[in-house]
K.L.:
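Quick one: the structure is below, questions incoming.
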Amino acid sequence: MDADQGHAHACQGEPVTPESPLADRLDGLLFFPVTAYAPDGALDLAAFRAHVRAGIDAGAAAVFACCGTGEFHALTPEEFTDCVAAAAEEADGRVPVVAGAGYGTALATRFARLAHDAGADGLLALPPYLVVAGQQGLLRHYTELAAATPLPVIVYQRDNAVFTPDTVAALARTEGIIGLKDGVGDLDLLQRIISTVRTESPDEDFLYFNGLPTAELTGPAYLGLGVRLYSSAVFAFAPEIALAFHRALNRGDDHTVQRLTDGFYRPLVELRNQGRGYAVSLVKAGVRLRGLEVGEVRPPLSEPAPAHVEELAGLIEHGLALVADAPGTGV
């Protein structure tokens, strides 16, 4: 199976339904909502629900709740449960809900149980906390997590969880692990991973995701490896732009891809790179700029500088204008 075709077999048989395997339902733009907080810093479930609902109505293919953009690291288990349950209720089977799970093995399995009880359809397994482990330790961690939950697991490769091709092939053979989200961006490594899994586990349906911050910027490169699925932070605050880019990329409209890359995504990445934690806090600022009060980020993250928020507002306005002017993109 090609790297981008984890869901293709469903299209050749029965229609995809809420009862279909998660791998068959992940087809389109993946929405990573921010977690909303009230002015006093407490969880604001009403605003979170509105954010999730708006994303689904705009055309999200899946909701990844309480992951990196959703400040998983800053949530208590109780808040995590409430958010995942709210996302599942808002989705109501229309799209799958995938929840984050992280820290060490014991806590990751606890969050997995909480996510299952809250109605999640799958897990995004975030890197273990702090330690830099060897390949055998990483393999054991994710194998034990997968064994502890009935939910299908997507493993997130980034930071202190970077895998050799042989380790990913072993993960692909592990019951319950359905895919790899790549947040490293080493295309040589990813090509070797895809080739190794295809060679050593040819019967496994294994998904690959572009998980880099502002994944659209590297979308064409990942597409060259057969990786179509990606997480879109921009979708959280400008779904019109994200959907227009996604459509253009998948139908081979290089002109629109390049216009949006040059006029919006590259400047956005350059702005994002001006501050620590902007991959989350700038997204949250964007959501507020579009009219939904979702609060500020929690420590240790901090808010973007006012000048950077102003620059973001200008970029959003320009991106929307590019979409409106592009033939056939629609908003």
Side-chain angles (χ1 to χ4, degrees), residues 1-33 52 55-56 59-70 72 80-81 83-102 108-109 111-126 142-157 168 171-183 197 201 203-211 215 226-232 235 246:
M1 169 179 312
D2 292 340
D4 63 327
Q5 297 300 314
H7 63 279
H9 60 286
C11 300
Q12 300 167 1
E14 296 297 321
V16 175
T17 70
E19 290 72 39
S20 299
L22 177 62
D24 295 341
R25 301 178 67 196
L26 294 173
D27 182 17
L29 265 185
L30 309 179
F31 172 34
F32 284 65
V52 170
I56 295 172
V63 176
F64 281 66
C66 304
C67 297
T69 307
F72 171 82
F80 170 88
T81 302
C83 282
V84 175
E89 290 169 6
E90 293 299 332
D92 194 27
R94 292 180 291 165
V95 298
V97 172
V98 179
T109 55
F111 278 101
R113 287 192 295 271
L114 293 174
H116 178 260
D117 292 344
D121 299 289
L123 295 174
L124 178 64
L126 305 170
Y142 293 107
T143 299
E144 291 186 7
L145 173 59
T149 176
L151 295 177
V153 176
I154 300 163
V155 175
Y156 196 178
Q157 168 170 263
V168 179
L171 290 171
R173 293 190 296 269
T174 300
E175 184 176 359
I177 297 180
I178 67 167
L180 179 76
K181 180 182 179 185
D182 179 53
V197 172
S201 306
D203 298 326
E204 300 296 336
D205 294 341
F206 203 64
L207 300 176
Y208 297 91
F209 305 77
N210 176 356
V227 179
R228 293 184 178 275
L229 293 169
Y230 62 85
S231 54
S232 176
F235 185 90
H246 184 261

K.L.:
Below 4.5 Å, heavy atoms only, C-beta onward: do V98 and L22 meet side chain to side chain?
P.N.:
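Result yes, sub-4.5 Å side-chain heavy-atom pair found.
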K.L.:
So do I178 and D205 actually touch side chain to side chain, heavy atoms under 4.5 Å?
P.N.:
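Not in contact.
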K.L.:
Heavy-atom distance under 4.5 Å between the side chains of C67 and F72, does that happen here?
P.N.:
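Contact flag for C67/F72 side chains = no.
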K.L.:
State whether the side chain of S232 and the backbone N or O of F235 hold a donor-acceptor pair below 3.5 Å, judged by distance alone.
P.N.:
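Pair found, side chain donor or acceptor close to backbone of F235.
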K.L.:
Report yes if some heavy atom in the side chain of P96 is under 4.5 Å from a heavy atom in the side chain of V63; otherwise report no.
P.N.:
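No; the side chains remain at least 4.5 Å from each other.
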K.L.:
In terms of side-chain geometry, is the basic nitrogen of D27 or R228 positioned less than 4.0 Å from the acidic oxygen of its partner?
P.N.:
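A salt bridge is absent here (no side-chain N lies under 4.0 Å from a carboxylate O).
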K.L.:
Which heavy-atom pair separates A115 from L123 by the least distance, and what is that distance?
P.N.:
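Scanning both residues completely, I find the closest heavy atoms to be CB-CD2, 3.7 Å.
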K.L.:
In Å, rounded to the nearest 0.5 Å, how long is the span from OG1 of T17 to CD of E19?
P.N.:
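It comes to 4.5 Å.
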K.L.:
Give me the atom names and distance for the closest heavy-atom approach of L126 to G100.
P.N.:
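Between these two residues, the closest heavy atoms are CD1-CA, 4.5 Å.
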K.L.:
Tell me if the aromatic rings of H246 and Y230 count as close, with their centers under 6.0 Å from one another.
P.N.:
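For H246 and Y230, the ring centres are under 6.0 Å apart.
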K.L.:
With distance as the sole test, does Y208 use its side chain to make a donor-acceptor pair with the main-chain N or O of G226 at under 3.5 Å?
P.N.:
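No: the side chain of Y208 does not pair with the backbone of G226.
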K.L.:
Looking at every non-hydrogen atom in both residues, tell me the closest pair between V153 and A146 and how far apart they are.
P.N.:
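Nearest heavy atoms, V153 then A146: CG2-CA, 4.2 Å.
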K.L.:
Which value, rounded to the nearest 0.5 Å, describes the distance between L30 atom CG and L124 atom CG?
P.N.:
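Between L30 CG and L124 CG, I get 10.0 Å after rounding to 0.5 Å.
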K.L.:
Would you please test D121 and L151 for side chain to side chain contact (heavy atoms under 4.5 Å, CB included) and show each step?
P.N.:
CA-CA 6 Å; D121 299 289; L151 295 177; 5.7 Å; no
K.L.:
Take the angle between the ring planes of F32 and F64 and call it parallel below 30°, perpendicular above 60°, tilted in between.
P.N.:
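F32 and F64: parallel rings.
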K.L.:
Please name the pair of heavy atoms, one in F80 and one in C66, separated by the smallest distance, quoted to 0.1 Å.
P.N.:
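Closest approach of F80 to C66: CD1-CB, 3.7 Å.
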K.L.:
Rounded to the nearest 0.5 Å, what's the gap from CD on Q157 to CG on L171? Could you check?
P.N.:
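The CG atom of L171 is 9.5 Å from CD of Q157, to the nearest 0.5 Å.
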K.L.:
Verify side chain to side chain contact (heavy atoms under 4.5 Å, CB included) between Y156 and L180, making sure each step is shown before the conclusion.
P.N.:
CA-CA 6 Å; Y156 196 178; L180 179 76; over 6 Å; no
K.L.:
Just so I know, are the side chains of I56 and R94 near enough to count as touching, which here means a heavy-atom distance under 4.5 Å?
P.N.:
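Yes, side chains in contact.
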K.L.:
Which heavy-atom pair separates V197 from A172 by the least distance, and what is that distance?
P.N.:
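Shortest heavy-atom contact: CG1-CB, 3.9 Å.
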K.L.:
Using a 3.5 Å distance criterion without hydrogens, assess whether the side chain of D182 forms a donor-acceptor pair with backbone atoms of N210.
P.N.:
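Not a single qualifying donor-acceptor pair exists.
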K.L.:
Would you call R25 and P18 a side-chain contact if the rule is heavy atoms closer than 4.5 Å?
P.N.:
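Touching, per the 4.5 Å side-chain cut-off.
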K.L.:
If we only count heavy atoms from C-beta on, is the Y142 to T174 side-chain gap below 4.5 Å?
P.N.:
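Counting from C-beta outward, Y142 and T174 never come under 4.5 Å.
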K.L.:
Report yes or no: is the cationic atom of K181 (NZ for Lys, CZ for Arg) closer than 6.0 Å to the six-membered ring centre of F209, at no more than 45° off its axis?
P.N.:
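Here K181 fails the 6.0 Å and 45° test against F209.
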K.L.:
To the nearest 0.5 Å, what is the distance between CG (L145) and CZ (F111)?
P.N.:
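Reported to 0.5 Å precision, the distance equals 12.0 Å.
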K.L.:
Show, in sequence, the C-alpha distance, side-chain angles and deciding distance for I154 and L26, and conclude whether the side chain to side chain contact (heavy atoms under 4.5 Å, CB included) test is met.
P.N.:
CA-CA 12 Å; I154 300 163; L26 294 173; 4.0 Å; yes
K.L.:
What closest approach, in Å, do A88 and G119 show between heavy atoms, and which atom pair accounts for it?
P.N.:
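Taking A88 first and G119 second, the nearest heavy atoms are CB-O, 3.7 Å.
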